[in-house]
Trainee: 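Let me begin by handing over the structure; questions about it come next.
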Amino acid sequence: MDEHKKFVIVFGAAFIFMLLPLLMNFIFISRAYENEPFEEIAKEQVRTDSIYGTVLNQNSFAYKIELLKRVKPAVIALGSSRVMQFREKSFTAAFVNCGGGMNHLNEGKIFIREMLKYHTPELIILGLDFWWFNDNFPQPSSYEHHDNNGAVLTYEKVKAPFKMLNTSKITLEEYFRIIVQGGKINAITTFGAMGLDGLKYSTGFRKDGSYFYAKILFGIEKEFHDPEFKDTLGRIRGGHSRFEYGERISRSRVEEFLDLIRTIERNNIQVVLFVPPVSNTVFKEMRVFAEKYAYVDQFQEYLKKLPYEVYDFHNIERVQSNDCECVDGFHGGDVTYKKILLTILEQNPGSILGKYVDFTMLKKEALENRGKALTIFPGERDKFAYAEVDFLKIGCDKASRLALKNMHSGPDHASYESGVK
Amino acid sequence: MITFLLCGIWHGAGLTFIVWGILHGFAMIMHRAWKKFSLSMPRALAWFITFNFVNFAWVFFRADSFHDAWKVLKGMAGINGFSLPVAMVRKFGPLSDYGINFAPWQTTFLNWKTALVFILILLVTFLFRNSNEFCLHFKPNTAYAVMFAAASFYLVLAVLKLQKASTFIYFQF
């Protein structure tokens with residue numbers, strides 16, 4: 001009997017000893033909200049006005065559906081990460097940014113179908129990426145990651161903290177602090193935080209679904225991915241990573257697009273279509289390669305013939321924005337997206353959007369934040385300990401016109417006070 | 001046969017699962033008959049037949065329909081042509097004139113890590129006791145306790161591995 005008792009004890013002790021590092025990692029990811037269902041994330045985020053920056057649960061589709069279910073907005077922005085800069089404060093009605101829920105045309109249809117099970121908004125602002133209409137940009141036939149509800153515990157997830165420690169993404173002190181205390185490990189903003197990017201960099205989705213690029217804008221990220229738009233320009237010169245060349249607009253993708261629009265119409269949802277801008281530098285480079293991007297011209301011509309409210313802002317100058325207001329080569333900042341709304345209303349005062357947007361307030365905010373990628377709204381000013389810097393390294397004057405005080409500039413950049421270059 | 005038929009039904013409602021169960025039931029009957037009539041064959045041939053039969057049956061277990069199963073079986077039998085890893089195209093490119101294709105996905109399976117794992121698995125299979133043999137020799141001592149703990153730990157890892165990995169699509173930490 002003693003023999004068996006000893007066996008059980010040794011077995012239990014050895015098993016727990018082997019499992020201990022993984023158990024600690026499990027506690028770490030759980031306390032960092034990296035193993036939490038999106039349903040709970042959305043609930044908590046809306047309640048506490050938190051930033052949700054996950055690094056282990058990249059499933060914008062399911063997360064945005066949960067936000068929709070919770071907020072039940074009148075207006076949504078739908079598209080890829082290139083619509084993520086529309087913010088609820090720009091609208092007079094309830095708004096959710098569903099950017100990232102539709103990275104391909106066929107994914108858009110799945111999103112709409114899923115959304116309609118729970119909610120029907122009055123208006124969809126649909127951002128159309130030009131590469132969706134290029135056959136050389138592959139489109140997946142299925143999206144298995146949509147099934148991840150945020151609480152799927154995988155081997156990759158459990159071992160991720162080791163990898164982060166090994167690559168100095170987190171320090172040992174931060175690792176234990178999250179295990180013991182939970183909560184934020186940054187003093188970048190006073191927003192609540194969930195997910196490791198949120199906890200460490202205050203970077204991630206806001207409660208309206210828009211994306212806050214704090215670590216980029218404030219110069220906290222050690223290696224910014226697109227200084228001087230070099231990465232995007234490289235994509236154009238090499239014809240890859242969404243910037244694949246194409247001679248002709250894809251007929252099958254056009255059909256998919258029309259099918260999507262018909263689905264929206266059938267459900268009595270109004271739609272405003274627009275082409276999100278690329279930075280001015282990127283736009284000019286694409287013109288150099290105009291022959292190779294012949295499909296883009298065809299796409300733009302095609303849009304003109306559509307019997308819908310449609311706006312082509314591929315050229316950022318059409319919204320009077322510029323490189324300094326961009327996040328990278330093909331993502332405008334939220335000032336650019338305010339200007340998009342303003343331009344729509346200026347070009348077309350009878351736009352459906354007029355009912356949902358306060359033109360005067362938008363104009364004031366766009367003016368006050370001009371030259372920057374981030375809009376700081378009047379009620380938010382004391383939430384930020386850092387100020388935007390010239391993260392693109394193209395000589396942008398990011399000095400505030402709001403006389404913000406006591407802010408730090410990013411560690412690798414000129415000080416905020418002397419931000420004029 | 002009844003046991004394996006029930007086993008098939010237990011795994012899922014589809015007909016493909018039932019076929020998988022029937023196939024295994026049929027194999028068990030063959031095995032019993034083989035023993036009863038004291039027939040013999042070389043061990044290597046027996047392994048070869050068993051291994052390939054089980055793989056053949058797995059196709060029905062995994063396929064969504066008989067149509068899909070048929071497509072996979074045709075591919076396994078080489079009816080859709082033969083493919084080599086695309087990395088070999090330089091050396092063996094001329095073989096494409098003889099119906100040999102070069103497929104990029106196969107490169108995934110051809111690296112030293114995978115090869116090492118295969119060798120280790122083969123060594124464990126041939127040189128170590130299997131679970132039935134372990135049960136026969138079991139003694140409640142420290143060595144067995146640690147071994148069982150290690151096996152349980154790897155079982156936990158294996159279960160975690162079964163979960164689909166989340167993709168890092170948009171932003172890198």
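Proteins get letters first, then strands, A, B, ... in listed order; numbering begins at 1 in each.
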Trainee: Hey, could you give me the CD/NZ distance between A/Glu3 and B/Lys139, rounded to the nearest 0.5 Å?
Mentor: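 So the CD of A/Glu3 and the NZ of B/Lys139 are separated by 10.0 Å.
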
Trainee: Is the number of heavy atoms from other residues, nucleotides or ligands under 6.0 Å of A/Phe162 CZ greater than 12?
Mentor: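 Atom CZ in A/Phe162 is packed in, count exceeds 12.
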
Trainee: Which answer fits B/Val146, side chain, backbone, both or neither, if we ask what part of it has an atom under 4.5 Å from a heavy atom of chain A?
Mentor: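 Both the backbone and the side chain of B/Val146 come within 4.5 Å of chain A.
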
Trainee: Of all the residues in residues 8-28 of chain A, which have a heavy atom that comes within less than 4.5 Å of a heavy atom in chain B?
Mentor: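 Interface residues of residues 8-28 of chain A: A/Val10, A/Phe11, A/Ala14, A/Phe15, A/Met18, A/Leu19, A/Leu22.
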
Trainee: Around atom CZ of B/Phe26, are there more than 12 heavy atoms from other residues, nucleotides or ligands closer than 6.0 Å?
Mentor: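 Result for CZ/B/Phe26: open.
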
Trainee: Quick check on B/Ala151 against chain A: is it the side chain, the backbone, both or neither that has a heavy atom closer than 4.5 Å?
Mentor: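 For B/Ala151, no heavy atom lies under 4.5 Å from chain A.
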
Trainee: Would you list the pairs meeting ring-ring contact (aromatic ring centres under 6.0 Å, His included) in which at least one residue belongs to residues 28-52 of chain B, sequence neighbours left out?
Mentor: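 Residue pairs passing ring-ring contact (aromatic ring centres under 6.0 Å, His included), neighbours aside: B/Trp47-B/Phe126.
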
Trainee: Is it true that, when you exclude B/Met30 itself, more than 12 heavy atoms of the residues, nucleotides or ligands shown sit nearer than 6.0 Å to its CE?
Mentor: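 No.
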
Trainee: How far apart are the closest heavy atoms of A/Tyr155 and B/Leu157, and which atoms are they?
Mentor: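 In terms of heavy atoms, the two residues are closest at CE1-CD2, 3.7 Å.
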
Trainee: What's the separation between atom CG in B/Leu160 and atom NZ in A/Lys159, rounded to the nearest 0.5 Å?
Mentor: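 Atom-to-atom, B/Leu160:CG and A/Lys159:NZ are 11.5 Å apart.
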
